Novice: 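This is the structure I want to talk about, given as structure tokens.
Keep in mind that what you see is a predicted model, and the values were worked out from it rather than measured. FYI, side chains are in, hydrogens and waters are out, and symmetry mates aren't considered; it's all heavy atoms of this structure.
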Amino acid sequence: MSVLVMGASGAIGGAVLRGLQGRGMEVRATSRTPERLSLPGSVRTFAADAAEPASFSDALDSVDRVFLYADLPEPEALLATVAAAGVQHVVLLSSAAVTSPGAADDFNGSRFLRAERAVLEAGVAHTFLRPCEFASNAARWSWSIKAEGVVPLPHPDALQTPIHDQDIADVAVIALTGDSLLGAAPILTGPERLTLREQVATIGEVLGRPLSVIEQTEAESAATLAAHLPDVWVQQILKGWREAVGGHPTLSDEYARITGRSPRTFRTWVADHADLFR
């Protein structure tokens, strides 16, 4: 069985690729700049751009299954190309945002819903992975932690259930190598509820030095984030933090049910990426 990983340069895509290789699968990878990928020689790489579905024709030839990020400019066109190539199963990295009230009117929810709908309309067997907040979002704080030992935040008591990238990849690999998750749409969370303030404290504990949270207004935070992100993402991040204050997000048991293992903690993610903050 041949599997194509679209987005192999990403943290999750890369982990999926390694997991597939560990199971002896024939793996292919696509990138707009495949020459920049650092992959084992056994992985066939192809130049392809999600904005140009026709560019995937060679990569999709004789492929059985595809791992795909949902952040696509024109998901309908790409999924039509995938279906026409005879792909049997698409594993789509979607988001738990699609299950939120008003998801269709929300920037984040609507784009993931559109990608899921494109898969359904293409008529390809599918698995939708719906993770909550990524633990890796904490990497945005690395610059201020390294420089000053502080993290400026407008809503430090926003409550989340951050999930380790590897946990998402583990479930994707199971979906891509068997049929147990055909038609499934598991919501994936980390094993604990943590405020942003507690996440900062956890990073400090792993680093062995105290870190401080500096409370900001939303306007101040927007100005900081705008140096690194488009405004639509800045507003989405602020909205997510604002709405998470005083919440009580559900902890999913889907990872444990699917893999038979306990999900990795946020502390584990920090320990795995401690050099980001040093």
Side-chain angles (χ1 to χ4, degrees), residues 10-12 69-71 73 93-113 131-165 168 189-190 192-251 265-278:
I12 296 172
Y69 284 78
D71 192 11
L93 179 54
S94 184
S95 168
V98 302
T99 66
S100 300
D105 300 316
D106 176 75
F107 165 73
N108 218 28
S110 62
R111 66 195 182 94
F112 288 113
L113 281 171
C132 64
E133 305 88 358
F134 293 179
S136 57
N137 288 342
R140 299 188 188 114
W141 305 333
S142 61
W143 64 273
S144 63
I145 288 175
K146 287 190 289 188
E148 303 175 59
V150 301
V151 176
L153 289 168
H155 299 292
D157 296 315
L159 193 62
Q160 299 181 333
T161 57
I163 184 169
H164 197 299
D165 299 345
I168 302 170
T189 72
E192 57 198 340
R193 300 179 185 89
L194 293 172
T195 64
L196 298 181
R197 192 188 305 275
E198 288 170 331
Q199 292 174 45
V200 172
T202 299
I203 296 171
E205 290 166 7
V206 172
L207 296 178
R209 61 189 180 98
L211 303 178
S212 301
V213 169
I214 297 177
E215 296 201 32
Q216 292 181 310
T217 65
E218 284 198 6
E220 290 170 335
S221 183
T224 300
L225 291 169
H228 309 280
L229 297 167
D231 183 65
V232 66
W233 281 107
V234 170
Q235 297 308 316
Q236 185 67 35
I237 291 168
L238 293 174
K239 176 176 178 286
W241 287 344
R242 184 190 317 124
E243 294 178 350
V245 175
H248 190 72
T250 300
L251 294 175
T265 64
F266 179 76
R267 183 180 297 273
T268 297
W269 180 87
V270 176
D272 289 343
H273 299 85
D275 286 346
L276 285 173
F277 305 100
R278 291 193 170 115

Novice: One pair to check against side chain to side chain contact (heavy atoms under 4.5 Å, CB included): L229 and I237. What are the steps and the verdict?
Specialist: CA-CA 10 Å; L229 297 167; I237 291 168; 3.5 Å; yes
Novice: Using every non-hydrogen atom in the two residues, find where S94 and A70 come nearest and quote the distance to one decimal.
Specialist: CA-CB, 4.2 Å
Novice: Return yes if some donor-acceptor pair links the side-chain N/O of E192 with the main-chain N/O of F266 below 3.5 Å, else return no.
Specialist: yes
Novice: Could you go step by step and tell me if L225 and W233 meet the side chain to side chain contact (heavy atoms under 4.5 Å, CB included) rule?
Specialist: CA-CA 9 Å; L225 291 169; W233 281 107; over 6 Å; no
Novice: Could you give all pairs that pass the salt bridge (charged side-chain N to carboxylate O under 4.0 Å, His left out) test and reach residues 201-213, with sequence neighbours left out?
Specialist: E205-R267
Novice: Just do the side chain to side chain contact (heavy atoms under 4.5 Å, CB included) check on E218 and R242 with the steps written out, would you?
Specialist: CA-CA 9 Å; E218 284 198 6; R242 184 190 317 124; 2.7 Å; yes
Novice: For S136, give me all partners under side-chain hydrogen bond (donor to acceptor under 3.5 Å, both in side chains), at least two apart in sequence or on another chain.
Specialist: D165
Novice: Could you give me the CA-CA distance, side-chain angles and deciding distance for S221 and T224, then say whether side chain to side chain donor-acceptor pair (under 3.5 Å) is met?
Specialist: CA-CA 5 Å; S221 183; T224 300; 5.9 Å; no
Novice: Are the side chains of F112 and L93 in touch, meaning some heavy atoms are under 4.5 Å apart?
Specialist: no
Novice: Given 3.5 Å as the limit, does a donor-acceptor pair link the side chain of T265 with the main chain of T268, or not?
Specialist: yes
Novice: Please give me the minimum heavy-atom distance between A139 and S142, naming the atom from each residue.
Specialist: O-OG, 2.9 Å
Novice: Is there side-chain contact between L211 and W141, with at least one heavy-atom pair below 4.5 Å?
Specialist: no
Novice: Would you list the atom pairs, donor with acceptor, under 3.5 Å between side chains in residues 271-278 and any protein atom, with sequence neighbours excluded?
Specialist:
residue, atom, partner, partner atom, Å
D272, OD2, H164, NE2, 2.9
H273, ND1, W269, O, 2.9
H273, ND1, W269, NE1, 3.3
D275, OD1, R278, NH1, 3.2

Novice: Could you tell me which non-hydrogen atom of T250 sits nearest to which non-hydrogen atom of T189, and how far apart they are?
Specialist: O-CG2, 3.7 Å
Novice: How close do N108 and A97 get, heavy atom to heavy atom, and via which atoms?
Specialist: ND2-CB, 4.2 Å
Novice: When you compare the side chain of P249 with that of L159, does any pair of heavy atoms fall below 4.5 Å?
Specialist: yes
Novice: Using side chain to side chain contact (heavy atoms under 4.5 Å, CB included), reason through L238 and H155 one step at a time and then give a plain yes or no.
Specialist: CA-CA 8 Å; L238 293 174; H155 299 292; 5.6 Å; no
Novice: How long is the span from the SG atom in C132 to the CD1 atom in I168, to the nearest 0.5 Å?
Specialist: 7.5 Å
Novice: Name all residues meeting the side-chain hydrogen bond (donor to acceptor under 3.5 Å, both in side chains) criterion together with R197; count only those two or more places apart in sequence or in a different chain, and write none if there are none.
Specialist: D157, E215
Novice: I need the full list of salt bridge (charged side-chain N to carboxylate O under 4.0 Å, His left out) pairs touching residues 222-234, with sequence neighbours left out, sorted by first then second residue.
Specialist: none
Novice: Would you compute the distance between atom OG1 of T202 and atom CG of L194 and round it to the nearest 0.5 angstrom?
Specialist: 5.5 Å
Novice: State which residues pass salt bridge (charged side-chain N to carboxylate O under 4.0 Å, His left out) with E148; sequence neighbours excluded, sorted by chain then number.
Specialist: none
Novice: Looking at every heavy atom in both G190 and I163, which two are closest together, and how far apart are they?
Specialist: N-CB, 3.8 Å
Novice: Heavy-atom distance under 4.5 Å between the side chains of Q199 and V151, does that happen here?
Specialist: no
Novice: Less than 4.5 Å apart, side chain to side chain, heavy atoms only: is that true for K239 and D106?
Specialist: yes
